[in-house]
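Worksheet for the structure shown next.
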Amino acid sequence: MRPVIPFVTRISLDEQAHWLSVFAVHLPDMDIRPLTALSEAERQAASVAIIANPEPDELRSLPSLVWVQSLWAGVERLVSELEDMPLAIVRMTDPQLAETMAEAVLTFTLYLHRDVPAYRRQQDQRIWAERPHRLPQERTVGILGLGNLGALSARRLRANGFNVTGWSRTPQIVEGVACHSGPDGLDAVLSLSDILVVLLPLTSETRGLLDARRLALLPSQAGLINFARGAIVDTTALVAALDAGRLSHAVLDVFAREPLPVDDPLWEHPSVTILPHVSAPTTPSTASLIVAENLSRYFSTGEVPAAVDRQRGY
Ligand code: NAP
């Protein structure tokens with residue numbers, strides 16, 4: 001008999017239907033259903049659930065849960081909302097997600113490197129003027145976070161000729177990348193980064209990490225790309241640095257409040273490019289293969305995949 005697996009989400013019905021259709025193709029041996037389609041006995045028996053922004057109380061209605069497979073890579077909300085539930089949280093670690101993020105990092109690093117925002121402003125005023133051109137090897141890109149997404153992004157930037165330096169909690173090795181760790185390491189990376197890319201998880205240690213003092217360590221005219229979580233950057237300090245002309249431009253894909261409220265002044269800031277949390281969306285066709293692998297292994301060997309370390313928060 002196929003195992004019954006609840007799909008517990010707060011995503012739209014259309015998105016839910018799309019995921020279920022992809023699961024049907026890639027996980028034909030499993031009976032994956034929205035929570036509402038499970039009988040009481042099936043709820044009582046479920047030891048694993050697939051989740052995407054789940055309502056915590058819905059997970060509490062599954063008393064035998066041992067672990068949950070999230071469809072998303074970021075887990076700060078799950079770690080806080082499921083604090084009292086002793087289950088293992090497995091996040092999405094799809095190599096395709098890292099490829100998609102590396103593509104976004106390269107795209108927007110080149111956008112800043114080639115001065116696209118400034119040329120756009122010149123066009124608005126019909127100004128025909130060449131701006132100073134720098135080679136990628138004359139530019140250092142700093143990456144905060146050298147995990148699945150940061151490490152591949154660092155390699156992609158290296159392949160494009162940039163000097164790359166990176167920062168992580170514990171020492172990491174990425175070929176061709178000057179890697180740093182710890183608080184002193186952060187200051188060193190910041191002081192070198194003509195373009196700073198944030199790819200850290202949001203934890204109690206990284207919340208508000210890029211405050212006024214740390215932003216002031218960036219070289220004059222540096223650019224910032226935040227593809228991680230909005231609350232890692234102090235927006236007031238960032239806007240002050242942009243207004244003062246200390247920093248040149250910020251590309252923001254993530255915000256403390258999402259969607260960004262329509263009346264937020266960031267929308268109209270001339271030195272800010274806003275993206276609606278799209279730098280690395282999960283791709284259902286590849287992510288479902290990761291889910292299939294994890295669930296198949298669990299049902300054949302009982303092995304629960306590597307889970308989030310709740311103490312560290314990622
Ligand atoms: P990951 O594999 O867990 O890597 C996290 C990296 O950050 C690791 O290198 C880790 O250090 C480092 N780190 C964590 N806490 C730190 C601290 N206090 N000080 C210094 N370094 C610290 O995560 P990932 O898969 O690369 O994803 C990173 C984040 O990207 C996710 O948490 C999510 O919020 C965000 N994301 C955004 C999008 C989007 O579309 N905008 C899409 C997917 C993910 P160690 O190497 O020492 O562990």
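In each ligand, atom 1 is the first atom listed, and ligand 1 is the first ligand listed.
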- Query: Taking the minimum heavy-atom distance to atom 26 (O) of ligand 1, which of D309, L149, I143 ranks first?
  - Reply: L149
- Query: Can an N or O of V278 be found at a distance shorter than 3.5 Å from an N or O of ligand 1?
  - Reply: no
- Could you tell me which atoms of ligand 1, counted from 1 in the order shown, lie closer than 4.0 angstrom to a heavy atom of A280? 39 (C), 40 (O), 42 (C)
- ILVMFWY cluster, F227 and V233 together (side-chain gap under 4.5 Å): no
- Query: Do any nitrogen or oxygen atoms of Q172 lie less than 3.5 angstrom from nitrogen or oxygen atoms of ligand 1?
  - Reply: yes
- Query: Is R158 paired with E175 through a side-chain N to carboxylate O contact shorter than 4.0 Å?
  - Reply: no
- Task: Quick one: do F255 and H277 satisfy ring-ring contact (aromatic ring centres under 6.0 Å, His included)? Show the steps, please.
- Result: CA-CA 8 Å; F255 303 88; H277 203 136; 8.8 Å; no
- Message: With nothing but distance in play, are any N or O atoms of W167 less than 3.5 Å from an N or O of ligand 1?
- Response: no
- Message: Regarding R60 and D57, does a basic nitrogen lie under 4.0 Å from an acidic carboxylate oxygen?
- Response: yes
- Message: Between R229 and E76, does any NZ, NE, NH1 or NH2 come within less than 4.0 Å of an OD or OE carboxylate oxygen?
- Response: yes
- Query: Of all the non-hydrogen atoms in the protein, which one sits nearest to atom 4 (O) of ligand 1, and at what distance?
  - Reply: G147 CA, 3.1 Å
- If you measure every N/O of L202 against every N/O of ligand 1, is any gap under 3.5 Å? no
- Task: Heavy-atom contacts with H277 under 4.0 Å: which atoms of ligand 1 show up? List them by number with element.
- Result: 39 (C), 40 (O), 41 (N)
- Query: Can R10 and E81 be counted as an ion pair, charged N to O under 4.0 angstrom?
  - Reply: yes
- Report yes if T206 has an N/O atom closer than 3.5 Å to an N/O atom of ligand 1; otherwise report no. no
- Message: Is there a polar contact between ligand 1 and R312, counting only N or O atoms under 3.5 Å apart?
- Response: no
